[in-house]
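These notes concern the structure reproduced below.
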Protein chains: 2
Amino acid sequence: MHDVAALAGVSHQTVSRVLNDFAGVKPDTRERVTEAINALGYRRNLAARTLATGRSQSIGVLAPEVPNFGPMASLAAVERAAREAGFYSLVISTTPEPARVAEALDYLLGKSIDALVLMAQQRSVVDAVTSTAVGLPIVYLLTGGESSDWAVSVDQGAGVDIAVQHLIDLGHRRIQHIAGPIDFSEARLRRLAFDRIVAAHGLDSLPLLIGDWTADSGYAAALALDPTATAVFCANDQMAVGAIHALVDSGRRVPEEVSVVGFDDLPEAKHSLPPLTTVHQDFEGVGHRAMEVLLARLNEQGCPTIDPFVPWLVERASTAPPRTNHPT
Amino acid sequence: MHDVAALAGVSHQTVSRVLNDFAGVKPDTRERVTEAINALGYRRNLAARTLATGRSQSIGVLAPEVPNFGPMASLAAVERAAREAGFYSLVISTTPEPARVAEALDYLLGKSIDALVLMAQQRSVVDAVTSTAVGLPIVYLLTGGESSDWAVSVDQGAGVDIAVQHLIDLGHRRIQHIAGPIDFSEARLRRLAFDRIVAAHGLDSLPLLIGDWTADSGYAAALALDPTATAVFCANDQMAVGAIHALVDSGRRVPEEVSVVGFDDLPEAKHSLPPLTTVHQDFEGVGHRAMEVLLARLNEQGCPTIDPFVPWLVERASTAPPRTNHPT
DNA sequence: CCTGGTAATGTTCACGGTAACATTTGATGA
DNA sequence: TCATCAAATGTTACCGTGAACATTACCAGG
């Protein structure tokens, strides 16, 4: 910066003023400085800037390490919104072990982040962070609405309700659930909601199947499907795709013999065969909203209520009335 | 740090030595300092450290903004390998416009990154970077092997060859290609390789169809498929899935009437109906190798040859001999 | 012509670490 | 006992920027 100042014949502070768009710099001075900057290919040192100001103009994002479509879409939206607001995002992905979370958090705090977006699918991650983080605005994402303050979330219960209600409306009474890993908040919430609505309608309770979000695990789980079940509600689309494959492999037709519902509405869901009936979540909306909330918080504007996003049903060909109940 | 030093009754420099694991600190002094650190919840300021040392112990990663599975998998591998080597990764994703790329690069350089991993799917991005970046070790990823120096890549030509050869071996002679966006190096390379092998075998050249990597675009492209084509080679799995959907929708059976081959071998490819014959790429391997190369470069160890990864064919049910050529 | 005031610019210091060098401490052997 | 030397620790300067304050330039009005 001093080189630039020397070349432009001004002090380094004037250069700083030009860089930061301060008023009160004569146009021709400004131009001389700009020229010098370009001539020298000067680029300001952000570490020094951060050190001097105490702020880094960047928000930390603690993200899950497993790159699933949903979190990635939300993450991308967060990053875009951050950039549009003049912030850079410092993303660090971590597995949910407390030690790893603490380490990641240490790094982010050491980098003087101005705020934190916590994309935590597991309760343990939230706990690890809340026990550490201090004096920073935080917004929670993907927690399934468990922590109420400053949490942007999708109403999982509502999503499950419309999906299962759809099956019930079609006439299904033996519906089985393939859940995600139980340590995931979303998996737990979906499972609880499923149990609740099944009980509310007095349907038979079939054994719970558990997968790990992958299509492979959905395939494996569906092989163990109750032979009398006429419908499967899968906790995500990938498992649903795997389940359909398993059902077809074992000679059961979808949707004629077994209906399958997914959750997420991945871009590929509509091109699966049969096209997958599923619950649409606005991943990008969640990410975008999270940044809105965070910015409001940074500007000290109170943000009283954060309504959860309400997902909706996308009805496709993987669901149909059960044969057994409604013979043609 | 001075507070810590005061509490432990030593100088700040001794604290620094403890933090950096320097030899020559008496065990009990070290312990006192450690205690003081914990007592005060002290965390060192990385901006100051970076400013003082000139290095940030972090490598910048310029990644594409569209979160496709492949790049994401490679990215995750890069991050993991970086962390294992004691580096943090500073990921910034950008669209390919030169201005945006330059901006992203500016940010990374301003952050004093020690090296750069460039995940560039488009030539324009590579150009924008090479015209700017100076004095930094760079490794190129996903460029399809176009820039020869320090580029880690998958041999696209080999992948296309095995895929198309497979179709030819089955007896297909009218094979159409659904390519990705032509500004993507990978799309271009696959298309060129396809043209080459088709010409080499003297097969008929059918009109080129172009998609944008999405299943939707694959669906749209396949609707325009040549009626006489007996096989489609798609530049990625998502478009292949969309293509199968379109073919089935228009009453053509897969693989009985039309064979479909994809590229990438996404985790879901094997659960598509019919399971997708495709070319497997080792995305994680590429990411991992990129970091190996980068570390070797940082340590001034010459890294003479970087062999491209060779993809392989995964044969599944979406391909079969053509009916017309080999009537049963 | 001088005064007052504002716009433009310059000077100094601090941010929180690390590196280089300076100093103190403590053990060893003549 | 003291010289010697290495180990342990302390002191000082500096990294590149921005904030606060100091200064200079310039203009208008009495």
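Chain naming here is simple, since letters A, B, ... match the order of the sequence lines and numbering starts at 1 in each. What you see is a predicted model; the values in this text were computed from it and never measured. Basis for what follows: all heavy atoms, side chains included, without hydrogens, waters or symmetry-related copies.
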Counting just side-chain N and O atoms, does Thr14(B) come under 4.0 Å of either OP1 or OP2 of dA8(D)?
-> no
When the side chains of residues 106-117 of chain A are checked against the rest of the protein, which donor-acceptor pairs come out under 3.5 Å, sequence neighbours left out?
| residue | atom | partner | partner atom | Å |
| --- | --- | --- | --- | --- |
| Asp106(A) | OD1 | Arg43(B) | NE | 3.1 |
| Asp106(A) | OD1 | Arg43(B) | NH2 | 3.1 |
| Asp114(A) | OD1 | Ser56(A) | N | 3.3 |
| Asp114(A) | OD2 | Gln57(A) | N | 2.9 |

For the helix from dC1(C)-dG30(D) to dA30(C)-dT1(D), how many degrees between its two end axes (five pairs per end), to the nearest 10°?
-> 50°
What ring-ring contact (aromatic ring centres under 6.0 Å, His included) pairs are there with at least one residue in residues 19-57 of chain A, not counting sequence neighbours?
-> none
Please list, chain by chain and in numerical order, all residues satisfying ring-ring contact (aromatic ring centres under 6.0 Å, His included) with His12(A), sequence neighbours excluded.
-> His2(A)
By nearest-nucleotide position on DNA chain C, the 5'-leaning member of Pro27(A) and Leu19(B) is Pro27(A)
Show me the protein contacts with nucleotides 19-21 of chain D, counting only N or O atoms at under 3.5 Å.
| residue | atom | partner | partner atom | Å |
| --- | --- | --- | --- | --- |
| dA19(D) | N7 | Gln13(A) | NE2 | 2.9 |
| dA19(D) | N6 | Gln13(A) | NE2 | 3.4 |
| dA20(D) | N6 | Gln13(A) | NE2 | 3.1 |

Specify the separation, in whole Å, of atom NZ of Lys26(A) and atom C1' of dT24(D).
-> 11 Å
Those residues at least two apart in sequence (or on a different chain) that pass salt bridge (Lys or Arg N to Asp or Glu O under 4.0 Å) with Asp28(B) are none
Tell me: CG of Leu51(A) to C1' of dG18(D), nearest whole Å?
-> 10 Å
The salt bridge (Lys or Arg N to Asp or Glu O under 4.0 Å) partners of Glu65(A) (sequence neighbours excluded) come to Arg100(A), Arg83(B)
Residue list, salt bridge (Lys or Arg N to Asp or Glu O under 4.0 Å) with Asp127(A), at least two apart or on another chain | Arg123(A)
Does Asp155(B) have any side-chain contact (heavy atoms from CB on, under 4.5 Å) partners at least two apart in sequence or in another chain, and if so, which?
-> Ala158(B), Pro308(B), Pro311(B)
Covered region of DNA chain C, 5' end to 3' end, by chain A [heavy atoms, under 4.0 Å] | dA8(C) to dG16(C)
Taking C-beta and beyond as the side chain, do Met119(B) and Leu141(B) meet within less than 4.5 Å on heavy atoms?
-> yes
For DNA chain C, what residues of residues 28-45 of chain A have any heavy atom nearer than 4.0 Å?
-> Thr29(A)
Whether Asn68(B) side chain and Gly70(B) backbone form a donor-acceptor pair below 3.5 Å | no
Could you tell me the separation between the CG atom of Leu46(A) and the C1' atom of dC15(D), rounded to a whole number of Å?
-> 15 Å
Greater than 12 external heavy atoms within 6.0 Å of Leu40(B)'s CG | yes
For Ile182(B), look at atom CD1 and say whether over 12 heavy atoms of other residues, nucleotides or ligands are found less than 6.0 Å away.
-> no
State whether the number of non-hydrogen atoms from other residues, nucleotides or ligands found under 6.0 Å of Glu31(B) atom CD is greater than 12.
-> no
Counterpart residues, salt bridge (Lys or Arg N to Asp or Glu O under 4.0 Å), relative to Arg44(A) (two or more places apart) | none
